[in-house]
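Side-chain atoms are counted along with the backbone in the values below, which use heavy atoms only and exclude waters and symmetry mates. In listed order, ligands and their atoms are each counted from 1.
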Amino acid sequence: MIKVLSIVGTRPEVIKMAPVIHQLHKEKQIKSFVASTAQHREILDQMLAFFEIKPDFDLNIMEKNQSLPELTAKLPIPLDNLLREVKPDIVLAQGDTTTAFLVSLACFYRKIPFGHVEAGLRTRDRFDPFPEEMNRTLISQLASFHFAPTQGAVDHLLSEGIKKDLIYLTGNTCIDALGYVFANEKGVKVDEGIDRSKKLILVTTHRRENWGDKLEQICEAIKQLADRNEGVQIVLPIHPNPNVRGTILSKLGGHPRILLVEPLSYEKFVILMKRAYLILSDSGGVQEEAPSLGTPVLILRETTERPEACEVGAAHLVGTKAGEIVAAAQELLDDPRKRQAMVVKESPFGDGRAASRIVEVIRLWGARGG
Ligand code: UD1
Ligand code: UDP
């Protein structure tokens with residue numbers, strides 16, 4: 001019997017770890033624990049509830065509008081106490097958040113093997129996305145197991161000197177999470193005041209490197225698209241980060257064709273992604289999910305660590321200048337054939353079986369004595 005501790009902190013970590021946690025709970029030779037740092041609070045709890053995951057431990061560290069150093073400083077001691085209490089054989093965390101980075105560091109200090117879910121994503125620009133590119137680069141140096149979602153991610157890890165036999169090509173667990181949504185459909189209706197006779201444009205934005213001028217430009221583009229296109233309904237679930245929320249409310253509040261809503265449950269958000277004519281987003285997870293749902297995405301960023309969606313034609317990297325965003329979106333609104341050309345048949349991010357591959361690696365490692 002081996003003890004596996006999975007640690008999550010933010011909304012996307014819950015979504016992408018949920019399939020792994022569900023699979024770990026099923027394994028007879030594994031005792032599975034879950035801890036939350038609660039780097040996020042409301043939107044973390046919303047996702048935990050949806051996936052029916054009840055953490056065994058909650059470090060409860062979120063404070064409103066805390067800075068990166070404040071967040072970073074809060075985690076090491078509670079994480080170390082957690083590791084001392086649980087004494088896991090292996091710890092898992094996902095992605096490139098501050099939670100994921102500090103979990104990998106805490107494991108290193110205690111010499112506990114750390115398994116990195118979604119390893120190897122890179123833009124090679126240390127400030128974009130910020131601080132995620134540096135977080136994930138450092139995590140790769142600290143991890144013992146690297147679960148890479150794509151061949152491109154494997155290649156990045158190899159190029160940084162990570163040993164081949166520690167890298168596992170698994171696919172991205174977000175495709176498994178989408179499978180969970182469809183397997184557990186509860187007939188949820190998305191109303192939220194959306195005018196269904198219009199073309200839906202779904203928007204999300206939260207990236208730290210976009211705060212300020214770039215976010216203002218993104219909002220300007222959204223406003224221009226709404227002004228110009230009477231037949232369009234824009235829906236934007238606002239991320240709770242106050243640096244994002246304030247700008248969005250002041251720039252876009254009150255427009256008749258822009259619906260600003262609170263963060264949506266995963267099920268509702270997936271329904272809207274599927275229904276949308278077009279998605280505009282700077283989110284990592286959304287770039288990966290949209291191709292599976294047959295919806296084109298315009299990526300509101302200067303770089304992406306997920307080039308696979310662009311390579312298969314399902315996404316375009318449009319940057320953060322208002323004029324360029326509007327031009328790219330307008331082209332797809334005006335020409336449904338151009339939009340249709342972005343609808344792909346297969347996801348470049350996996351086949352929905354990533355979690356079982358990850359857990360099998362851990363199970364076999366445990367069976368060999370850890
Ligand atoms: C974090 C991650 C980012 C990830 C994103 C997913 C870091 C540094 N950033 O960014 O990589 O893409 O989550 O959404 O790890 N807040 C609430 N309620 C919540 C969540 C957040 O009020 O449920 C507010 C709080 O004021 C909090 C602030 O948002 O202090 C910032 O949260 P934080 O986790 O530091 O950064 P995000 O921008 O959410
Ligand atoms: N998401 C959601 N409800 C929302 C907005 C996003 O369920 O209102 C989901 C989305 O499908 C994706 C994830 O949250 O899986 C993305 O989270 P976020 O954009 O916060 O983080 P990132 O992926 O950029 O790290």
Let me see the working for Phe108 and Phe114 under ring pair (Phe, Tyr, Trp, His ring centres under 6.0 Å), right down to the final yes or no. CA-CA 8 Å; Phe108 172 73; Phe114 172 75; over 10 Å; no
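- With ligand atoms numbered from 1 in the order given, ligand 2 contributes 11 (O) to contacts under 4.0 Å with heavy atoms of Met273.
- Not a single heavy atom of Gln46 sits under 4.0 Å from any atom of ligand 1.
- Considering only non-hydrogen protein atoms, atom 5 (C) of ligand 1 sits nearest to His206 CE1, 3.6 Å.
- Between Thr99 and ligand 1, no N or O atom pair is found at a separation short of 3.5 Å.
- Remark: minimum distance from atom 25 (O) of ligand 2 to any protein heavy atom is reached at Pro12 CG, 3.4 Å.
- Checking Gln94 against Glu13 by side-chain atom types alone, no donor-acceptor pair falls below 3.5 Å.
- In summary, the atoms of ligand 2 found under 4.0 Å from a heavy atom of Gly284, numbered by their order in the structure, are 22 (P), 23 (O), 24 (O).
- Interface of Arg207 with ligand 2, defined as ligand atoms under 4.0 Å from a residue heavy atom, comprises 24 (O).
- Looking only at protein heavy atoms, the nearest one to atom 11 (O) of ligand 1 is Glu132 OE2, 2.4 Å.
- The closest protein non-hydrogen atom to atom 33 (P) of ligand 1 is Gln39 NE2, 3.9 Å.
- Distances between N or O atoms of Asn65 and those of ligand 1 include at least one value under 3.5 Å.
- Here is the list of ligand 2 atoms found below 4.0 Å of a heavy atom in Ile15: 9 (C), 13 (C), 14 (O), 15 (O).
- Atom 14 (O) of ligand 1 has His239 NE2, 2.9 Å as its closest protein atom, hydrogens excluded (heavy atom only).
- Atoms of ligand 1 lying under 4.0 Å from at least one heavy atom of Arg41, given by number and element, are 19 (C), 23 (O).
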